[in-house]
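In what follows, every chain begins at residue 1, and chains take the letters A, B, ... in the order their sequences are listed. Please read all numbers here as calculations on a predicted model, not as lab measurements.
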There are 2 protein chains.
Amino acid sequence: MTETESNVYDVVVLGAGPVGENVADRTRAAGLTTAIVESELVGGECSYWACMPSKALLRPVIAHADARRTPGLRHLVEGPLDTAAVLAHRDDHTSRWKDDGQVQWLESVGVDLYRGHGRLDGPRRVTVEGPDGERRVLTARHAVAVCTGSRAVLPGLPGLDAVKPWTSREATSAKEAPGRLVVVGGGVVGAEMATAWQGLGSKVTLLVRGKGLLPRMEPFAGELVAEALTEAGADVRTGTSVESVTREDGTVVVVTDGGDRIEADEILFATGRAPRTDDIGLDTVGLEPGSWLPVEDSLQVPDVPWLYAVGDVNRRALLTHQGKYQARIAGAAIAARAAGTPPLTEPWGAHAATADHAAVPQVVFTDPEAASVGLSLAEAERAGHRVRAVDFDLGSVAGAGLYADGYKGRARMVVDLEREIVLGVTFVGPGVGELIHSATVAVVGEVPIGRLWHAVPSYPTISEVWLRLLEAFRDS
Amino acid sequence: MTETESNVYDVVVLGAGPVGENVADRTRAAGLTTAIVESELVGGECSYWACMPSKALLRPVIAHADARRTPGLRHLVEGPLDTAAVLAHRDDHTSRWKDDGQVQWLESVGVDLYRGHGRLDGPRRVTVEGPDGERRVLTARHAVAVCTGSRAVLPGLPGLDAVKPWTSREATSAKEAPGRLVVVGGGVVGAEMATAWQGLGSKVTLLVRGKGLLPRMEPFAGELVAEALTEAGADVRTGTSVESVTREDGTVVVVTDGGDRIEADEILFATGRAPRTDDIGLDTVGLEPGSWLPVEDSLQVPDVPWLYAVGDVNRRALLTHQGKYQARIAGAAIAARAAGTPPLTEPWGAHAATADHAAVPQVVFTDPEAASVGLSLAEAERAGHRVRAVDFDLGSVAGAGLYADGYKGRARMVVDLEREIVLGVTFVGPGVGELIHSATVAVVGEVPIGRLWHAVPSYPTISEVWLRLLEAFRDS
């Protein structure tokens, strides 16, 4: 290892996923010289092993289910999807795991890319150990942004390595549908991958330790998704843990805590995420390697004013879009401080990621889709708000009945009774994925209920559930 | 004709479509005795001959088109829709043109239904000529609400009656797909019915007098819809008027102003609407029979304080959902005035239909869908706002590319530069129908652009176009 370069930048970004890319884009746009360091593919987890491939797998499954619920169309779609075509489509959407396009984009915005493993080396200093064996030193005049994201966590089961279990990476990049797939974990990744592979021809068994799926959403979300997965042919077992897992002659054998034995071709563990901060030199700046990095609302790490932690690593919301939001804010805050301008860190200011606390949206691309923003009823109550929640059966909305025969779904609106504003909304049902942004605007805009009555949903759309929720609130 | 009854109510509503039903519901809920008069089916045009059947016809066509754009699914859906199944489904959604369910609902909310033709007969008095030949007199203590809606207008072509042309009623209730259908008119009804019947097996020729389709929306809406209709096999001819139309041995023969001769099995005129006010006794209260009825924002007819005109008849917005909005406001205003409470008629007040001026949403259920709310760029400029419009190619949004292969669409946001709020938004593309409500909330809530940056769209949804529009505005 030889040290051949020492370069000075205004900003150094560790990690070139969507979050790092957005920080770099914003600091460059503000005229700050910026370097970005990436040890794998530019574009990150989301582009190659998460959002992008998972949605490329899921959209045909959901469209297939929708078609089967459409009069006049269902006779055509009784047969299975063409799984090979779906996988080829997924390969297109991941650029076949090549990052040329993203590298080109970095060049076009004037960000210097350093390939290799980046580590902090004391204040404002980053070393990059390149694939060529060379070691480069980068110095940041103003800020270093850690955007290294998270990785899947595997449970501590003896002999698990030999089983070669899937994580989200293998589940989104698999080259064929396994005949039988056990999915462990009922969160978003577990629910989505169970939906995708069941729809693509696998026989899925979903093992969920807790009482239900999607535990961070309103309880009916997980209930409706579990019901639909079961109807689609998956075997959903809640309150079930894995006691042991082995691979015998190629076959995965799972034994549950209830003593059930399940055989499968592959097993996916979707059981949580850990920050990718274990080997990035946090110890050189007084922080704990392997820890999540809590931040202020401008994404600054407390007591380390030149250090920003953006995206999954700060554990605020492990979602690409929310990380990109933080990235825009962090980039702007870095630029403001570099220019000596006081940052606008009041709530909803340009340099405060206020939405992280109040309005994180999420769409789970299952069938039915589950979408939420803001606080669930339980979260709002825990936070001490005086609230009322109103529910409505989405299947009773005219537009929903027209969208799909036998439409099943549910909506909930959580209202702050002091301020008469909406704190949270959850929609579960086919086709609600694009509906949630209306709720995001309402929550973020703190639009009073009285004003929301003037926001007329078009007839007959599923959005008319808004009217029903307002009526339910008025009459409750 | 004998006069057998004379009944006194607080409120009398003329017309039991969705608008009349909603006025009556609100006045009843406020404790006012309410009668409603209907000469046809309770539920009105929308339930039997407009929104409901048209969307029941369109949804399978759109789902079919979506399926054909979905990798892994398209090999299944090359064949045609089962038109008979779609028509049967349409029949279900119109309750086979029976209004028992709606009558039951009126009873359940305590509204008295009078079947027959209602006419004003001087101030606060309505006569009903029943199907039984009896004449009933209703007196309204507080208010009469005219909710009689509109009807299709046929052009004054000689001999047209003998051709038996379709209007929107026949187009939405037809018992089979005509082999060849000429559609005259490029507005919403023309565009939707051309889409529906082309998708259900007819060979459609669409004749549009003006330069393009959907003339009340941003120009690109009509362009994209015309392009897609043409790709679907329809013959779209703009700048074309009908010179003559005859029916010869069952075949419709159209001659255009350009001298073209087109043969068809049916012809639909979708060339405008007229108010159903010609025979409702307007002359007995000093108003012009057959005229539209302009109203104040509480839906009161100026100088006739006991008279309200709600829905299509006031010509503010010929849309069911906007009529229902007006109905809720009119019902509440009637109740407030009856109670001697000053109505809240300031902008966005509970008794002012402010959204009629600023935020009328509309979804055109074509393929692609076209959805808009608020002011178009041209409208905003005409209204004297200092504005900037930003556009974005919807096909470049990651969520759109995942939704459909080869996604084509476009979005426009019109921003008021004085107040930095959104005045209008248009989305055109597959799957945007549920997206427009986010814009409606933004326009109605007058959410500042700076705050909208905190409304994060979920990745990867089509809603992420919001981020692209905000970026385009920032960088413009």
- Query: Given the options Gly399(B), Gly72(B), Ala358(B), Pro361(B), which has more heavy-atom pairs under 4.5 Å with chain A than any of the others?
  - Reply: Gly72(B)
- Item | Interchain contact, Leu319(A) with chain B, by part (heavy-atom threshold 4.5 Å) | neither
- Query: Checking heavy atoms, do the side chain of Asp356(A), its backbone, both or neither come under 4.5 Å from chain B?
  - Reply: neither
- Message: Given heavy-atom pairs under 4.5 angstrom as the criterion, report whether the side chain, backbone, both or neither of Arg74(B) touches chain A.
- Response: neither
- Query: Got more than 12 heavy atoms from elsewhere within 6.0 Å of CD, Glu176(B)?
  - Reply: no
- Would you mind checking which part of Ile329(B) comes under 4.5 Å of any heavy atom in chain A, side chain (CB onward), backbone (N, CA, C, O), both or neither? side chain
- Between His89(B) and Pro71(A) the two heavy atoms that sit nearest each other are ND1-CG, 3.1 Å
- Query: Is there side-chain contact between Val360(A) and Val456(B), with at least one heavy-atom pair below 4.5 Å?
  - Reply: no
- Query: Distance from Glu78(B) atom CD to Leu76(A) atom CG, nearest 0.5 Å?
  - Reply: 10.0 Å
- Could you look at Pro80(B) and say if it's the side chain, the backbone, both or neither that has a heavy atom under 4.5 Å from chain A? backbone
- Message: Quick check for you: among Val86(A), Val447(A), Val441(A), which has the greatest number of heavy-atom pairs under 4.5 Å with chain B?
- Response: Val441(A)
- Who are the side-chain hydrogen bond (donor to acceptor under 3.5 Å, both in side chains) partners of Glu21(B), not counting sequence neighbours? none
- Hey, which of Gly349(A), Ala350(A), Gly433(A) has the most heavy atom pairs under 4.5 Å with chain B? Gly349(A)
- Query: Where does Phe365(A) contact chain B at under 4.5 Å (heavy atoms): side chain, backbone, both or neither?
  - Reply: side chain
- With a 4.5 Å limit on heavy-atom distance, are the side chains of Lys55(A) and Tyr403(B) in contact? no
- Measure Ala352(A) against the heavy atoms of chain B and call it side chain, backbone, both or neither at under 4.5 Å. backbone
- Item | Shortest non-hydrogen contact between Ala398(A) and Met52(B), atoms and distance | CB-CE, 3.8 Å
- Item | Contact leader toward chain A among Ala355(B), Pro18(B), Pro60(B), Ala84(B), where contacts are heavy-atom pairs under 4.5 Å | Pro60(B)
- Task: With chain A as the partner chain, list the residues of residues 63-70 of chain B whose heavy atoms fall under 4.5 Å from it, by residue number, and write 'none' if nothing qualifies.
- Result: Ala63(B), His64(B), Asp66(B), Thr70(B)
- Item | Val444(B): partners by side chain to side chain contact (heavy atoms under 4.5 Å, CB included), with sequence neighbours left out | Arg451(A), His454(A), Ala455(A), Trp348(B), Ala359(B), Thr440(B)
Identify every side-chain donor-acceptor pair in residues 460-469 of chain B under 3.5 Å, counting partners at least two apart or on other chains, and give the distances.
residue, atom, partner, partner atom, Å
Thr461(B), OG1, Ser458(B), O, 2.6
Thr461(B), OG1, Ser463(B), N, 3.4
Ser463(B), OG, Glu434(A), OE1, 2.6
Glu464(B), OE2, Lys324(A), NZ, 2.7
Trp466(B), NE1, Ser438(B), OG, 2.9
Arg468(B), NH1, Glu471(B), OE1, 2.9
Arg468(B), NH1, Glu471(B), OE2, 3.3

- Query: When rounded to the nearest 0.5 angstrom, what distance separates NE2 in His437(A) from CG in Leu435(B)?
  - Reply: 8.0 Å
- Where does His75(A) contact chain B at under 4.5 Å (heavy atoms): side chain, backbone, both or neither? side chain
- Item | Leu58(A), part contacting chain B, at a heavy-atom distance under 4.5 Å | neither
